[in-house]
Colleague: 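Quick one: the structure is below, and I'll ask about it shortly.
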Amino acid sequence: MEPHFDVEAIQARWLPVWEDLQPFRASDDPADPRPRCYVLDMFPYPSGDLHMGHAEAFAMGDVIARYRFLKGDNVLHPIGWDSFGLPAENAAIVRGENPAAWTHRNIATQAESFRRYAISVDWSRRFNTSDPQYYRWTQWLFLTCFRRGLAERRASAVNWCPSCQTVLANEQVVAGECERCGAAVTKRELTQWYLRITDYAEQLLDDMAELRGTWPERVLTMQRNWIGRSTGAYVDFALCDDQGTIVDGGPVTVFTTRPDTLFGATFFVIAADAPLASALVTDEQRAAFTDYLAQVRRASDIERLAADRPKTGVFLGRYVRNPLDGSALPVYAADYVLADYGTGAIMAVPAHDQRDLDFARALDLPVRVVVETGEPDPAHTGRATVAEGVAVDSGPLTGLATAAAITAAIDLLAERGTGRAAVTYRLRDWLISRQRYWGAPIPIIHCPQCGEVPVPEADLPVLLPDLSGEQLTPRGTSPLGAAVQWLSVACPHCGEPAQRDTDTMDTFVDSAWYYLRYCSPQDDQQAFDPAAVRRWLPVTQYVGGVEHAILHLLYSRFLTKVLRDCGLVEFGEPFRALLNQGQVILNGAAMSKSKGNMVDLGQQIDAYGVDAVRLTMVFAGPPEEDIDWADVSPSGAKRFLARAWRLARDVTAEPGAPERGDHSLRCATHRTVAEVEQAITGLRFNVAVARIMELVNTVRKAIDSGPGPADPAVREAVAAIAIMMSLVAPYTAEDMWSLLGHPPPVARAEWPQVDPALLVQREVTCVVQVAGKVRARLAVPPGIDEAELSRRALADAAVERALAGRGVARLIIRPPSLVNILPEVAS
RNA sequence: GCUCCCGUAGCCCAAUCGGCAGAGGCAGCGACCUUAAAAGUCGCUCAGUGCGGGUUCGAAUCCCGCCGGGAGCACCA
């Protein structure tokens with residue numbers, strides 16, 4: 001044993017030992033009496049080696065998992081790879097190989113780095129989503145949705161990334177740009193597969209109630225906003241002439257959240273790019289409309305999203321009839337109305353909607369105030385009055401407050417059969433088709449006779465054809481379409497020649513169910529073993545970045561609910577608690593190659609060691625906050641580890657009989673264990689580390705200038721330190737454990753038992769204030785009662801001096817820590 | 001523009017219920033140790049909690065208004 005702390009030697013010593021011991025196997029024995037706990041880190045995408053972000057996230061997850069192991073739980077802490085996706089495909093094109101080659105090399109590299117990083121995972125459960133044994137079940141999941149009517153193929157204007165050459169789901173378009181590559185997204189009219197997540201909108205909202213308190217509030221808010229529930233009404237507008245006389249065709253339906261403002265509608269707008277606009281335009285107006293539509297189509301999504309650009313539109317030559325007052329409203333086409341929200345058409349109430357007012361002012365249309373809010377006239381100010389108020393000039397609604405007027409308007413419409421209460425959502429169905437190679441093929445066969453025929457389950461997986469290099473070059477249609485042999489297949493239904501679907505699934509489908517697969521990763525009969533899932537799920541603690549606040553987490557919640565409705569799982573929410581760790585940044589900015597402010601994880605580990613890097617991550621601050629690498633000190637972390645390690649080296653006490661040790665050191669040890677435990681369970685890992693540091697300092701003093709290294713309390717303290725430190729610094733802790741004479745692994749030692757008797761302090765300090773100012777400190781027993789405490793406080797000489805003969809007007813007593821004496825005011 | 005979160009020492013951050021503003025670390029200074037340096041050990045300096053009000057016996061903590069920083073949403077009818 002070397003006399004000095006030697007990081008390299010310690011790492012080299014223990015890594016092979018752990019490899020041998022496999023300390024983190026989860027037990028699948030149903031009779032195992034230990035409480036079960038499922039700690040899950042969002043699985044990595046294999047893009048090269050691990051980076052600082054992985055190091056942080058997995059350091060956090062590891063604290064939780066290792067703590068549960070030490071507490072004696074049967075812990076499931078798995079890892080795998082989210083290994084389908086575009087980067088592999090792009091690399092394969094450049095290198096002239098199959099994406100699997102690049103993918104597997106990167107996974108091997110990352111796995112090796114994870115081993116060295118000493119994360120506490122059950123390596124026997126690893127899998128990759130690109131393995132046929134896995135994607136077979138992704139395809140099964142798709143078919144499960146298909147059979148329930150939740151997967152359907154339909155034509156629609158979809159988001160198209162010209163750079164990735166594929167369509168994107170709504171969630172994958174951020175401010176008009178591709179979430180992956182940042183290219184400006186355009187629209188295409190395509191027939192694509194959708195999963196009907198909108199069927200679950202209400203449940204996705206409602207079930208967030210059970211996540212409150214254990215998920216970050218901001219993630220819940222983001223999901224709530226994304227789902228975007230609106231309550232209001234559908235209102236039918238009959239087509240009419242300019243006098244309000246009903247003509248053939250129609251009606252046209254709109255959604256509104258303010259049916260109470262129906263009497264204020266002065267015109268009507270249809271999204272220019274909605275089919276309805278082209279259908280309604282009159283021959284006289286067709287030329288103007290066509291010009292306008294072309295202009296709208298030229299504008300990119302990014303331009304359209306600029307909120308304050310001027311309103312434009314054209315008259316369609318048609319009128320609709322206001323169902324309540326019979327007036328004729330001119331119909332316009334405009335691009336401020338969205339084709340795919342609500343019905344793609346609106347009734348315009350310029351007095352009480354800013355967008356409508358802007359449009360009305362641009363085209364010189366009338367403004368009618370129908371809600372009195374106390375604010376000035378919108379027609380003059382240009383500011384719509386959107387607040388609630390009292391209905392005016394609104395026929396039977398007049399005089400009603402907004403809430404009542406809304407109800408009354410809906411009743412009125414329902415009575416006449418021209419409207420009904422309704423709820424709409426911002427959430428759209430999940431577009432899952434991708435025109436790329438490296439994903440799970442959609443298991444559908446298109447038969448000229450039978451239509452869309454699901455691949456029989458016995459024929460799964462539909463394997464990817466072996467394509468590589470330039471065969472994968474994106475051409476706007478799936479590369480699978482060029483694999484003629486693969487493509488042609490007999491219809492499972494009628495046996496006639498048919499073709500496979502050539503698209504692959506969004507990789508977010510792969511990751512929407514992987515947490516179920518970890519329970520029975522080798523099962524070749526089913527996607528997951530329901531009994532095993534019942535034992536392990538829901539996930540006790542999920543750890544991952546906030547960038548998945550909507551995407552992955554929403555999809556996973558959705559598919560879990562689908563599986564629950566299939567009777568395959570018994571819960572609706574897969575992740576009971578969520579921790580969003582922050583990012584590692586440098587000098588206030590996200591690390592990026594182009595900015596040249598990268599910190600290389602491998603270099604940091606080489607310079608300071610695995611433990612110091614992990615400790616730096618965990619100690620830097622609250623886990624959910626970003627870590628600026630310029631603000632932290634891995635060398636300081638390494639110094640601390642060395643200090644702690646030397647304690648173990650210096651202990652000379654024989655094992656056993658801690659109760660004969662120094663009492664105050666024992667109190668410090670037990671108090672620290674209790675506080676560390678509290679900090680860990682509260683996810684305040686930085687505080688837990690600080691408490692351990694404090695104890696290390698205390699023990700150093702005990703060895704050098706206190707009871708000395710032979711005192712049993714010193715051994716007890718150092719053993720506790722080794723165990724607690726193993727959460728963050730497994731190598732150092734293992735070496736300390738070994739120096740104390742224990743066999744590895746420290747990770748499976750027992751969390752130190754706290755002796756409650758040692759937490760009770762014999763004496764506490766009571767502060768005595770006079771008129772809020774501290775005048776004295778008393779040493780009192782912790783169980784002191786009010787009477788005794790006030791007696792002692794008033795008897796104190798300093799207090800007497802401060803009172804200066806004044807009487808006591810009021811006594812505030814909070815035993816045992818505080819007495820506040822309010823003197824009588826001399827009048 | 002709307003909503004939410006956060007402002008504590010030179011820096012990163014603690015402070016269960018409203019009860020002594022400071023646990024831990026970084027940086028700095030000093031002493032000891034050392035042939036010397038590094039390492040190590042010990043000690044010290046440093047804020048009254050962004051600003052202004054309010055509630056309270058008592059506010060970093062609760063309320064209101066500003067200032068600064070961050071995040072989310074942003075034609076969703």
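Each chain gets a letter, A, B and so on, in the order its sequence line appears, and its residues count up from 1.
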Colleague: Hey, does A/Asn820 reach any base, or is it just sugar-phosphate, or nothing, if we go heavy atoms under 4.0 Å?
Modeller: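 It contacts base atoms.
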Colleague: Would A/Thr418 and A/Asp236 satisfy side chain to side chain donor-acceptor pair (under 3.5 Å), going step by step from the backbone distance to the final call?
Modeller: CA-CA 5 Å; A/Thr418 54; A/Asp236 303 325; 5.9 Å; no
Colleague: Starting from C1' on B/A23, measure out to CD on A/Gln678 and report it in whole angstrom.
Modeller: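 Atom-to-atom, A/Gln678 to B/A23, this comes out as 14 Å.
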Colleague: With heavy atoms under 4.0 Å as the rule, sort A/Arg691 into base, sugar-phosphate or nothing.
Modeller: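 Here A/Arg691 touches the bases of the nucleic acid.
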Colleague: Measure from the side-chain heavy atoms of A/Asp704 and tell me the nearest of B/U41, B/A77, B/C57.
Modeller: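 Of all the options, the side chain of A/Asp704 is nearest to B/U41.
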Colleague: Which is true for A/Thr256 with a 4.0 Å heavy-atom rule: it touches a base, it touches only sugar-phosphate, or it touches nothing?
Modeller: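 Sugar-phosphate, no base atom in range.
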Colleague: Angle between ring planes, A/Phe255 versus A/Tyr341, binned at 30° and 60°: parallel, tilted or perpendicular?
Modeller: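 A/Phe255 and A/Tyr341: perpendicular rings.
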Colleague: Donor-acceptor pair, distance only, cut-off 3.5 Å: does the side chain of A/His352 make one with the backbone of A/Thr261?
Modeller: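 Checked: no pair found.
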Colleague: Nearest to the side chain of A/Glu694 - B/C12, B/G24, B/C57?
Modeller: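 From the listed options, B/G24 comes nearest.
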Colleague: State the syn/anti category of B/G25 according to its glycosidic angle, syn meaning within 90° of 0.
Modeller: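 The base of B/G25 is oriented anti (glycosidic angle more than 90° from 0).
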Colleague: For A/Leu822, which contact category applies under a 4.0 Å heavy-atom criterion: base, sugar-phosphate, or nothing?
Modeller: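 Answer is sugar-phosphate: A/Leu822 comes under 4.0 Å of backbone atoms only.
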Colleague: Which residue, A/Ala620 or A/Leu818, contacts RNA chain B at a nucleotide closer to its 5' end, judged by nearest heavy atom?
Modeller: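 Comparing both residues, the 5'-ward one is A/Ala620.
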Colleague: Report yes if a donor N or O on one partner sits less than 3.5 Å from an acceptor N or O on the other, where the partners are the side chain of A/Lys311 and the base of B/C75; otherwise report no.
Modeller: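 Present.
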Colleague: How is A/Gln354 classified with respect to the nucleic acid when contacts are heavy atoms under 4.0 Å: base, sugar-phosphate, or nothing?
Modeller: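 Contact class for A/Gln354: none.
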Colleague: Quick one: are the ring centres of A/Phe685 and A/Phe619 less than 6.0 Å apart?
Modeller: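 No, the ring of A/Phe685 stays outside the 6.0 Å limit from the ring of A/Phe619, centre to centre.
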Colleague: When the C1' atoms of B/G54 and B/C42 are considered, how many whole Å apart are they?
Modeller: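 It works out to 47 Å between them.
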Colleague: Whole angstroms only, please: what is the CG-C1' distance between A/Asp340 and B/A77?
Modeller: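 Distance check: A/Asp340 CG to B/A77 C1' gives 13 Å.
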Colleague: Whether A/Arg643 contacts B/U41 is assessed here as follows: a side-chain N or O lying under 4.0 Å from the phosphate OP1 or OP2. Is that the case?
Modeller: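 The answer is yes; a side-chain N or O of A/Arg643 sits under 4.0 Å from OP1 or OP2.
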Colleague: Using atom P of each nucleotide, how far apart are B/C26 and B/G40 to the nearest Å?
Modeller: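 B/C26 and B/G40 have their P atoms separated by 9 Å.
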Colleague: What integer number of Å spans the P atoms of B/G70 and B/C13?
Modeller: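 That atom pair is separated by 15 Å.
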Colleague: Give me the stems containing RNA chain B, sorted by first residue, counting only three or more consecutive Watson-Crick or G-U pairs with both distances under 3.5 Å; say none if there aren't any.
Modeller: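 Stem list for RNA chain B: B:1-7 with B:67-73, B:10-12 with B:24-26, B:28-32 with B:40-44, B:50-54 with B:62-66.
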Colleague: Find the distance A/Glu625:CD to B/G70:P and express it as a whole number of Å.
Modeller: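 In whole Å, B/G70 P and A/Glu625 CD are 14 Å from each other.
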Colleague: Rounded to whole angstrom, note down the P distance from B/A15 over to B/A60.
Modeller: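 Approximately 15 Å lies between the P atom of B/A15 and that of B/A60.
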Colleague: Please report, rounded to the nearest Å, how far the C1' atom of B/C73 is from the CD1 atom of A/Ile227.
Modeller: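 Value for this atom pair: 14 Å.
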Colleague: Quickly work out the A/Asn580 CG to B/G72 C1' distance and round it to whole Å.
Modeller: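 The distance from CG of A/Asn580 to C1' of B/G72 comes to 13 Å, rounded to the nearest Å.
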Colleague: A/Asp628 CG to B/G70 C1': how many Å, rounded?
Modeller: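 Between C1' of B/G70 and CG of A/Asp628: 14 Å.
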Colleague: With a 4.0 Å cutoff (strictly under), does any side-chain N or O of A/Arg684 reach OP1 or OP2 of B/A15?
Modeller: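 Looking at the OP1 and OP2 atoms of B/A15, one of them is under 4.0 Å from a side-chain N or O of A/Arg684.
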Colleague: Which comes earlier along RNA chain B counting from the 5' end, the contact point of A/Ser633 or that of A/Cys766, where each point is its nearest nucleotide?
Modeller: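 With A/Ser633 and A/Cys766 compared, the 5'-side residue is A/Cys766.
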Colleague: Is any side-chain heavy atom of A/Asp796 less than 4.5 Å from a side-chain heavy atom of A/Leu778?
Modeller: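 Yes; the side chains approach each other to less than 4.5 Å.
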Colleague: Between A/Arg639 and B/C26, does any side-chain N or O lie under 4.0 Å from OP1 or OP2?
Modeller: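 For B/C26, OP1/OP2 do have a side-chain N/O of A/Arg639 under 4.0 Å.
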Colleague: Using a cut-off of 4.0 Å on non-hydrogen atoms, how would the nucleic acid contact of A/Arg426 be classed: base, sugar-phosphate, or nothing?
Modeller: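 Base contact - A/Arg426 has a heavy atom under 4.0 Å of at least one base atom.
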Colleague: With distance as the sole criterion, is a donor-acceptor pair present between the side chains of A/Asn697 and A/Arg643 under 3.5 Å?
Modeller: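 The answer is yes; a qualifying pair exists.
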Colleague: A/Tyr336 side chain: which of B/G19, B/C75, B/G24 is closest?
Modeller: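 For A/Tyr336, the side-chain atoms sit closest to B/C75.
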Colleague: Mind checking whether A/Tyr332 and A/Phe268 have ring centres under 6.0 Å apart?
Modeller: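 They do not qualify: ring centres at least 6.0 Å apart.
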Colleague: When syn is taken as a glycosidic angle within 90 degrees of 0, is B/C44 syn or anti?
Modeller: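 It is anti.
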Colleague: Over how many whole Å does the gap from A/Arg700 atom CZ to B/G43 atom P extend?
Modeller: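 The distance from CZ of A/Arg700 to P of B/G43 comes to 13 Å, rounded to the nearest Å.
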Colleague: Considering every strand and a 4.0 Å limit on heavy-atom distances, what is the contact class for A/Arg428: base, sugar-phosphate, or nothing?
Modeller: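 Contact class for A/Arg428: base.
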Colleague: For A/Glu217, which contact category applies under a 4.0 Å heavy-atom criterion: base, sugar-phosphate, or nothing?
Modeller: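 Answer is nothing: A/Glu217 stays at 4.0 Å or more from every strand.
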Colleague: Ignoring backbone atoms, establish whether A/Asn686 has a side-chain N or O less than 4.0 Å from OP1 or OP2 of B/A14.
Modeller: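 Yes, such a contact exists.
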Colleague: Could you state the atom-to-atom distance from CE of A/Met222 to C1' of B/A74 in whole Å?
Modeller: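 Atom CE in A/Met222 sits about 14 Å away from atom C1' in B/A74.
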Colleague: Base, sugar-phosphate alone, or nothing: which one does A/Val632 contact when heavy atoms must sit under 4.0 Å apart?
Modeller: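 It contacts nothing in the nucleic acid.
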Colleague: On the six-membered ring of A/Tyr336, is A/Lys311 placed so that its NZ or CZ lies under 6.0 angstrom from the centre and within 45° of the ring axis?
Modeller: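 Geometry flag: set, cation within 6.0 Å and 45°.
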Colleague: Does A/Ser230 place a side-chain N or O at less than 4.0 Å from the phosphate oxygens OP1/OP2 of B/A77?
Modeller: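 Indeed, a polar side-chain atom of A/Ser230 lies that close.
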Colleague: Closest to the A/Asp353 side chain: B/G40, B/A77, B/C13?
Modeller: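 My answer, after comparing the listed nucleotides, is B/A77.
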Colleague: For a quick test of reading the model: is some side-chain N or O of A/Arg218 closer than 4.0 Å to OP1 or OP2 of B/C4?
Modeller: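 False: A/Arg218 side-chain N/O out of range (4.0 Å or more) of B/C4 OP1/OP2.
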Colleague: Answer yes or no: does atom CZ of A/Arg383 have more than 12 heavy-atom neighbours from other residues, nucleotides or ligands under 6.0 Å?
Modeller: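 No, the 6.0 Å shell around CZ holds no more than 12 heavy atoms from other groups.
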Colleague: Is A/Asn697 near enough to B/G25 that one of its side-chain N or O atoms lies under 4.0 angstrom from OP1 or OP2?
Modeller: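 For A/Asn697, the contact criterion (side-chain N or O under 4.0 Å from OP1 or OP2 of B/G25) is met.
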Colleague: Once hydrogens and angles are ignored, does a donor-acceptor distance under 3.5 Å link the base of B/G19 to the side chain of A/Arg814?
Modeller: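 When only heavy-atom distances are counted, A/Arg814 does reach the base of B/G19 through a donor-acceptor pair under 3.5 Å.
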Colleague: Strictly below 4.0 Å, N to O, side chains only: are A/Arg814 and A/Glu786 in salt-bridge contact?
Modeller: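 Salt bridge absent between A/Arg814 and A/Glu786.
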